[in-house]
Structures are given as C-alpha cells and as structure tokens.
Amino acid sequence: MRWLGSRPPVGIPEGVAVSHVSKWRLFFTVVAVAAAVYVVLQTPIRLGLDLRGGTQIVLEAMDTPEVTVDSDVTERTLEVLRRRVDAFGVAEPTLQISGDRRIIVELPGLDDPDEAVELIGRTAQLTFHPVLGSYLPGEAPEGEGLVLPGTFEDLLLGPVAVSGEQVNTASAFFDMQGSAEWIVSIEFRSDGGSAWEELTADAACAPFNDATRRVAIVLDD
C-alpha cells in the first residue's frame with residue numbers, strides 16, 4: 001500500500017507505512033544489485049587494444065593485371081585472413097572490412113608487428129597434391145606427408161604436383177544444361193598443364209571409391 005500525501009492516513013501510526021515500504025524497496029534494491037554483480041562476474045571482459053595491448057594492421061588490396069579489386073575479392077581475402085588468424089591461435093581477434101579495398105586486423109596480445117605481418121600478409125599458397133590414403137580422424141601417420149583434416153576422414157597427401165604459380169586463370173560456372181553441378185575451368189601456364197595431366201591420370205587409374213582416385217587442392221596447407 002502506498003500514499004501520495006506527505007503523511008499516512010488517520011488511524012495508522014506515523015512511520016509504520018513508510019517503514020514497511022522502505023523494507024520492500026531495500027529488499028528489491030539488494031536483489032537488483034546482487035543480480036548485477038552476478039552478471040558482471042559471469043561475463044568475460046573484452047578489453048580493446050588500448051587497454052591490453054596488441055597489434056593493429058591495415059591492409060589495402062591493389063589491382064593487378066589479372067585481378068581488379070572489388071567487394072567480392074575483398075570478402076574472399078577476408079576469409080583467407082580469418083583462417084590464418086584462427087590457425088595462429090590469437091584470442092578474440094577482430095577482422096573487418098573498411099570500404100571496398102581495406103581490411104583492418106586487430107590481434108590482441110600480439111606485440112610483435114613483424115610476426116603479425118608475416119602471418120597474414122604473405123601471398124596465399126595454392127598447391128595440388130595426390131591423395132595417398134584416407135584415415136579416421138586423428139589416425140593418419142605422421143611424418144609421411146601433409147595431413148588434410150576433415151570431419152569424417154583425414155587425407156594423407158603426397159608432395160606438391162602442381163603449384164599456384166603454374167595456374168594462369170580459373171573460373172567457375174554452374175552447368176544447368178548437363179551435370180547440374182559446379183564446374184571449375186583452369187588454364188595453366190608453362191608446364192602446369194602437363195603436370196596436371198600426369199597428376200589426374202595417375203588418380204584415374206586407381207580403383208573406384210579408393211581415396212587415391214582423388215586429387216587435393218589446398219590453400220595455405
């Protein structure tokens with residue numbers, strides 16, 4: 001019960017109603033403060049670079065004779081950088097696009113800018129490998145080649161058979177008239193075509209459903 005006047009109604013001792021209301025207000029105040037303290041203690045605090053230190057790098061994409069930078073190119077580049085940063089193990093990194101050409105990377109806790117630039121600034125490495133075998137996750141032999149981890153299987157890969165430097169251009173299109181699948185068309189330079197021919201010919205000789213019948217196309221290992 002609450003009164004809008006400065007004094008309680010006649011018949012009720014002065015101070016009784018006020019004391020009753022004050023107790024409930026105090027109770028709810030304590031509950032609210034306790035809840036706020038609990039939320040604060042349970043929520044991890046994310047400090048910015050200005051408070052916990054780290055490195056910020058601004059990358060700007062430039063046009064080349066082969067590629068004109070647009071928003072799609074920048075988006076794909078962002079995904080490549082995100083995978084690199086995730087593999088590096090930086091806690092709570094921030095990657096965001098600024099405009100059509102710039103990508104801002106913040107790496108909290110990483111105080112060596114040279115190390116950060118080496119990690120994310122190098123050119124992506126595209127390689128083509130023969131598949132030597134398929135294993136259950138975590139059971140591929142170590143030291144025998146590059147292991148490409150997957151959700152249901154790990155692939156053991158052989159040495160690089162074709163490199164990205166031997167690829168001139170590549171394009172993808174959806175074949176709506178024939179196989180109803182995505183098709184990638186690759187044009188090679190120098191001896192890349194013959195190396196690709198040899199790689200795929202060896203794979204085609206493997207039995208059906210055998211892992212070695214596949215070819216692995218790998219970006220940054």
Are the side chain of His129 and the backbone N or O of Ala216 linked by a donor-acceptor pair below 3.5 Å? no
When rounded to the nearest 0.5 angstrom, what distance separates CD in Glu106 from CD1 in Ile104? 7.5 Å
According to a 4.5 Å side-chain heavy-atom criterion applied to Ile, Leu, Val, Met, Phe, Trp and Tyr, with indirect links allowed, do Leu157 and Val215 form part of one hydrophobic cluster? no
Heavy-atom count check: over 12 atoms from other residues, nucleotides or ligands less than 6.0 Å from Glu198 CD? no
Salt bridge (Lys or Arg N to Asp or Glu O under 4.0 Å): which pairs involve residues 135-162, sequence neighbours left out? Glu153-Arg214
What's the separation between atom CG in Asp63 and atom CG in Asp70, rounded to the nearest 0.5 Å? 9.0 Å
Judged by atom type as modelled, is there a donor-acceptor pair below 3.5 Å linking the side chain of Asp220 to the main-chain atoms of Gln125? yes
Please find the pair of heavy atoms, one from Ala195 and one from Ala161, that lie closest to each other, and give the distance. CB-O, 3.7 Å
Quick check on Asp72: does its CG atom have over 12 non-hydrogen neighbours (other residues, nucleotides or ligands) under 6.0 Å away? yes
Please determine whether side-chain contact (heavy atoms from CB on, under 4.5 Å) holds for the pair Glu75 and Ile97, giving the CA-CA distance in whole Å, both sets of side-chain angles, and the decisive distance to 0.1 Å. CA-CA 8 Å; Glu75 286 282 356; Ile97 294 176; 3.6 Å; yes
According to a 4.5 Å side-chain heavy-atom criterion applied to Ile, Leu, Val, Met, Phe, Trp and Tyr, with indirect links allowed, do Val85 and Ile57 form part of one hydrophobic cluster? yes
Nearest heavy-atom approach of Gly133 to Ala211 is C-CB, 4.0 Å
Should Leu59 and Leu95 be counted in the same cluster of Ile, Leu, Val, Met, Phe, Trp and Tyr side chains packed under 4.5 Å apart? yes
For Ser179 and Ile183, work out which heavy atoms get closest and say how close. OG-CD1, 4.3 Å
Find out if a path of hydrophobic residues (ILVMFWY) with successive side-chain heavy-atom gaps under 4.5 Å connects Val167 to Val184. yes
Give a yes or no on whether the backbone of Glu60 and the side-chain of Arg101 come within a donor-acceptor separation of less than 3.5 Å. no
Separation of Ile103 CD1 from Leu78 CG (nearest 0.5 Å): 5.0 Å
Tell me whether Val131 shares a hydrophobic cluster with Leu199, the cluster being built from Ile, Leu, Val, Met, Phe, Trp, Tyr side chains joined at under 4.5 Å. no
Going from CD on Gln166 to CG on Leu126, what distance comes out if it is rounded to the nearest 0.5 angstrom? 10.5 Å
Summary of salt bridge (Lys or Arg N to Asp or Glu O under 4.0 Å) pairs that have at least one residue in residues 168-196, sequence neighbours excluded: none
Tell me which pairs pass ring-ring contact (aromatic ring centres under 6.0 Å, His included) where either residue lies in residues 135-176, with sequence neighbours left out. Phe174-Trp182
Polar side-chain atom of Thr74 near backbone of Asp100 as donor-acceptor pair, under 3.5 Å: yes
Might you point out which heavy atoms bring Pro137 and Thr151 nearest each other, and give the distance in Å? CG-O, 3.8 Å
If you count heavy atoms of other groups shown closer than 6.0 angstrom to CZ of Arg102, is the number above 12? no
Measure the spacing between CD1 of Ile186 and CH2 of Trp196 and express it to the nearest 0.5 Å. 5.0 Å
